[in-house]
Peer 1: 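Pasting in a structure now, in structure tokens, and then I'll have a few things to ask.
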Amino acid sequence: MKHVIVVGNGMVGYKFCEKLRAKADSTKVKVTVIGEEVLPAYDRVHLSEYFETGEKEQLLMAPRDWYAENDIELITGTLVNHINREEKAVSTYDGKHFHYDMLVLATGSSAFVPPIPGVEKQGVFVYRTLEDLDAIMAYGKDCQNATVIGGGLLGLEAAKAVKDMGLTAHVVEMAPRLMPRQLDDRGAKMLSNTLEKMGLQFHLSKRSESIVGADAVTGLAFQDGEILHTDMVIISAGIKPRDELARQCGLPVGERGGVVVDGELKTADPNIFAIGEVALFEGMIYGLVAPGYEMAEIVAAQIAEVDYTPFEGADMSTKLKLVGTEVGSFGDALMESREGTSIVMEDQFKGIYKRINLSADGKRLLGGVLVGDTSRYNILHQMVLNEMPLPPHPEDLIAEAREGAPVGNGVADLPDGAQVCSCENVTKGALCHTIEKEELLTLDAIKSCTKAGTGCGGCVPMVTDLMKELHKKMGKEVRNVICEHFAYSRQELFSLVKVKGIRTYRELLAAYGKGNGCEVCKPAVASILASCWNELVAKQSTIQDTNDRFLANIQKGGSYSVVPRIPGGEITPDKLIVLGQVAKKYDLYLKITGGQRIDMFGAHVGDLPDIWEELINAGFESGHAYGKSLRTVKSCVGSTWCRYGLHDSVSFAIEVENRYKGLRAPHKLKGGVSGCIRECAEARGKDFGIIATEKGWNLYVAGNGGSKPQHAQLLAADISSEDCIKYLDRFLMFYIKTAEPLNRTSTWISKLEGGLDYVKDVVVNDCLGIGEELEQEMQQLINVYSCEWKEVVNNPELRKRFRHFANSDEKDPTIKFEPMREQKKPVNW
Amino acid sequence: MIDTLYKTVMPDAVKKWELAGLVTDFPEDGGECFRFGELQIAVFNFTSRGEWYACQNVCPHKLQAALSRGMIGSAGEEPKVACPFHKKTFSLKTGQNLNGDEKPIAVYPVKVEEGKVYVGLPS
């Protein structure tokens, strides 16, 4: 049996173990790993996350148990300091000796520290290991600011970490621009502009001459005589291969470091391999993780005696998430040594810069730079790697996607050889083959079976797209079932409820489900029942989300907030006074909402019915702020007061809000009405937006704010108020009947085959012939509307449920508030 | 503090059966919160399984006292409750967090006699 010793337990060393064990078990190959750091291998790529989470365990490539489970002897905290090539043995600093048949050097690199006088002073650090980070954090506690030397990939990571620590971050770079190897001048300028807005400060074209200070750092002196005062210096000026062992045993190393290897990753000694950042291949050190993993694969295959393709160099493309922006650089990004032409797109307003380089004959993509928007990085990178033909208008590759325009060159166009996951070297062909053969139906299954997407995660969107494509092709349309209790989609359940006249969750579960339900299907079915019959939700209170169960919004600390309806945002002085009085009486915090209403926070659950009784007596109704239902229809002041207004937007907003109040939907619904194109009601940021025109109204649909803001798109132009209501009835009802749970209108439309054009066809052209039916269904819901708070307030049985303790009238003693700006707020959790 | 206040009680370790209320006080397939001295305990009437469960009312995630207002259901065979704040789910049998790494919650035995619901406490 062969004995393999791996020196170094970093990311590449670990990956080598994983790959070797996948090919050869412990009966064939014995593996011993000797690492210098105390912890087993951890993810250095995501080192800066340690500043956010403070948890080392989360960064581990695999827990210590993994090595034992795979029959790998792991020795950490131990430095190997001698190789005896004749005897094929290594020894450690504490005098242990190990014999090997094959030796793998995966010692990686250390931070390169330039010879600046003063680097030995207190407060000078490098940014490389978890121990470095611990030291930086400890020292940083007493600092106001820190200066990072080096404006490359790693330097910017370090600057982000400094910023996360709450310090002012300075970055010093010798070159006249940031990330000089990856970005061109304009791209780098865009990046530094964006980062400066985030509070980072840059000092470009600056050579550091010395680090000043008595014992500890107080500043950094530049060659031009300027001095930057700083409490701390972090050096991130490049890497230096850890080739000491190779030098000691006489293996050839490069002029600037690195163990010389051939395409099989063999050093001059056929029994010794080198992989990762210590390996020098054709004069090049590959300081990225993906090429290191590829090297690990090649060596593992040789030791396990299976087929492999020799290393031929790797692509240095990279994508990086920074503070508030992102950067990508792929293929021949700078095109310094090649003839060709570039297409550049620059949007200084959004902080986006994109450049693609085309071959001189204009037929191939050579590489490019992306700053601010890297959403197309994967596909562009693949086009370079696979020498795919360019589309007829290559500028489309970096153009902003126009509304509704199909984006060409998707994953479907990739050749089978395209490497989808570069960390794990999974090609499109292999991925598709496995998905089909193993019938993998979920992303998780694909990840665990193929390993694609388990490294940096950058390819997950592409893997997901591929999965969907394939599922379609396999005719295995993955059924979008609600959860384990119902093998139906929401749309199917909706039809069942409607057709079979089902009125309760229990009936539906008994007839079409299994098990006892859960927090996913219960509120989804509750929403369907409400959308079909509009009966009082309080009748089936235990299938409602807590907000719907208590008809109020639960807030931090466990108190609730109350939002009465104020249609169109119009309110009389008398009603406004009542809100103030109620808030005072029940000690509520008041805030105007984004939807032109007044939110009253900090109510105890037991006070809710009393609060509502007073509000209802003053003429208020439920605002349904707690429900997946119509919230507000925001309006501008309109033609009654505004000198620009074309129509009376307030009256129309009130009419629309009152029409759809209480309407329950797959997700919340918001609307807006603007009296002219100036759009003060921000109607195009809503699920439906109505904007006055000279001839009538324009109706827009499917906009939203939220995490992925969307502008609403035009459904019908210059229509009358009656037609507007008619189309709205149809649009909303069609959405309610066909959307998946918790999909807002824009998500729903983006998933519909045919998208907005199809919705237009259904709603405006009535291509399915269901227009009238939709209108009638909506009218039925409107007819049976009643204010649910009014029903609760007048029903002693229902009122009784609003209490914290079933056996005591006391309020929850754990709810605590503290004063803030003359009002109150819950204490922090 | 939560850790010392709430500890799972096995059926054979019950020292005292505290009366929570009448069966009719409980919503079907839902819970209510009870106060026993310092303790807040959520008691669930799991009608569709014909079972009763009790657990601490405080969710270990953000220490909010609201588990009794959570939806109950099943994951496979396991009865569970979902915290209304962030939908962390816990087994009502073992108290284990089923969809994350939160600490387990304490669970308590429940018995129903002559229409009355009792929770088993250690003292």
Side-chain angles (χ1 to χ4, degrees), chain A residues 55 57-58 483-485 504-506 509-510 513-526 538-550 553-560 605 797-798 800-816 826-829, chain B residues 1-2 18-22 25-36 38 40-51 57-59 61-89 92 98-99 101 117 119:
Chain A
E55 286 185 34
E57 299 295 316
Q58 280 185 10
C483 68
E484 64 173 270
H485 304 106
T504 67
Y505 175 81
R506 190 174 308 175
L509 185 70
K514 60 174 188 197
N516 308 109
C518 67
E519 71 284 0
V520 175
C521 60
K522 283 182 172 179
V525 170
K539 281 190 187 160
Q540 295 182 68
S541 66
T542 58
I543 59 166
Q544 313 290 342
D545 260 321
T546 190
N547 286 359
D548 265 325
R549 182 166 173 190
F550 293 97
N553 296 45
I554 197 165
Q555 305 289 356
K556 218 167 160 176
S559 66
Y560 286 84
V605 65
E797 271 304 302
L798 294 177
K800 231 180 64 184
R801 293 201 203 132
F802 291 79
R803 58 187 179 191
H804 184 71
F805 293 116
N807 60 344
S808 157
D809 288 335
E810 277 170 278
K811 289 170 178 168
D812 179 3
T814 64
I815 295 184
K816 293 201 172 72
V827 297
N828 255 336
W829 59 21
Chain B
M1 195 198 83
I2 295 299
E18 280 275 7
L19 177 67
L22 302 175
D25 289 340
F26 289 83
E28 290 191 354
D29 283 317
E32 286 279 4
C33 173
F34 292 88
R35 177 168 206 170
F36 301 120
E38 260 190 292
Q40 288 197 24
I41 293 184
V43 180
F44 298 97
N45 176 10
F46 213 139
T47 328
S48 57
R49 291 168 76 102
E51 292 164 0
N57 194 37
V58 177
C59 175
H61 175 220
K62 292 286 179 187
L63 304 184
Q64 303 284 298
L67 284 176
S68 67
R69 298 179 210 164
M71 271 176 274
I72 56 175
S74 61
E77 288 302 305
E78 199 76 4
K80 65 171 181 176
V81 60
C83 175
F85 274 91
H86 304 97
K87 300 272 163 76
K88 301 279 174 190
T89 56
L92 287 168
L98 302 173
N99 60 354
D101 305 319
V117 183
V119 177

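A quick note: this is a predicted structure, and the numbers were derived from the prediction, not measured. Residue numbers start from 1 in every chain, and the chains themselves are labelled A, B, ... in the order their sequence lines are given, proteins ahead of strands.
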Peer 1: Of the backbone (N, CA, C, O) and the side chain (C-beta and beyond), which part of Lys800(A) lies under 4.5 Å from a heavy atom of chain B, both, or neither?
Peer 2: neither

Peer 1: Any chance you could lay out the side chain to side chain contact (heavy atoms under 4.5 Å, CB included) test for His804(A) and Arg69(B), step after step, and finish with the verdict?
Peer 2: CA-CA 9 Å; His804(A) 184 71; Arg69(B) 298 179 210 164; 2.9 Å; yes

Peer 1: Please find the pair of heavy atoms, one from Asp29(B) and one from Arg506(A), that lie closest to each other, and give the distance.
Peer 2: OD2-NH2, 4.2 Å

Peer 1: Is Glu484(A) in contact with chain B via its backbone, its side chain, both, or neither, using a 4.5 Å heavy-atom distance?
Peer 2: side chain

Peer 1: To check you understand the geometry: which heavy-atom pair defines the closest contact between Phe34(B) and Phe805(A), and what is its length?
Peer 2: C-CD2, 3.8 Å

Peer 1: Examine whether an atom of Phe46(B) lies under 4.5 Å from a heavy atom of chain A, and if so say whether it belongs to the side chain, the backbone or both; otherwise answer neither.
Peer 2: side chain

Peer 1: Where does Gln540(A) contact chain B at under 4.5 Å (heavy atoms): side chain, backbone, both or neither?
Peer 2: neither

Peer 1: First locate atom CG of Asp25(B), then atom CG of Asn807(A), and finally report the distance between them rounded to the nearest 0.5 Å.
Peer 2: 9.5 Å

Peer 1: Measuring heavy-atom distances to chain A, does Ala20(B) have an atom under 4.5 Å in its side chain, in its backbone, in both, or in neither?
Peer 2: backbone

Peer 1: What part of Arg801(A) gets within 4.5 angstrom of chain B, counting heavy atoms only: side chain, backbone, both, or neither?
Peer 2: neither

Peer 1: Report which part of Ile815(A) has an atom under 4.5 Å of a heavy atom belonging to chain B: side chain, backbone, both, or neither.
Peer 2: neither

Peer 1: Quick one: what part of His61(B) sits under 4.5 Å from any heavy atom of chain A, side chain, backbone, both or neither?
Peer 2: neither

Peer 1: Which pair of heavy atoms, one from Cys518(A) and one from Ser74(B), lies closest together, and at what distance?
Peer 2: CB-O, 4.3 Å

Peer 1: Under a 4.5 Å cutoff for heavy-atom pairs, which residue among Ser68(B), Ala65(B), Cys33(B), Pro84(B) has the most contacts with chain A?
Peer 2: Cys33(B)

Peer 1: Glu28(B) and Thr542(A): which non-hydrogen atoms are nearest, and at how many Å?
Peer 2: O-OG1, 3.0 Å

Peer 1: Measure Val605(A) against the heavy atoms of chain B and call it side chain, backbone, both or neither at under 4.5 Å.
Peer 2: side chain

Peer 1: Provide the closest heavy-atom pair for Glu32(B) versus Arg803(A) in the form atom of the first, atom of the second, distance.
Peer 2: OE2-NH2, 3.0 Å

Peer 1: Give the minimum heavy-atom separation between Gln40(B) and Pro813(A), together with the two atoms involved.
Peer 2: NE2-CD, 3.6 Å

Peer 1: CZ of Arg35(B) to CD of Glu810(A): how many Å apart, nearest 0.5 Å?
Peer 2: 4.0 Å

Peer 1: Between Asp545(A) and Met71(B), is there a side-chain heavy-atom distance shorter than 4.5 Å?
Peer 2: yes

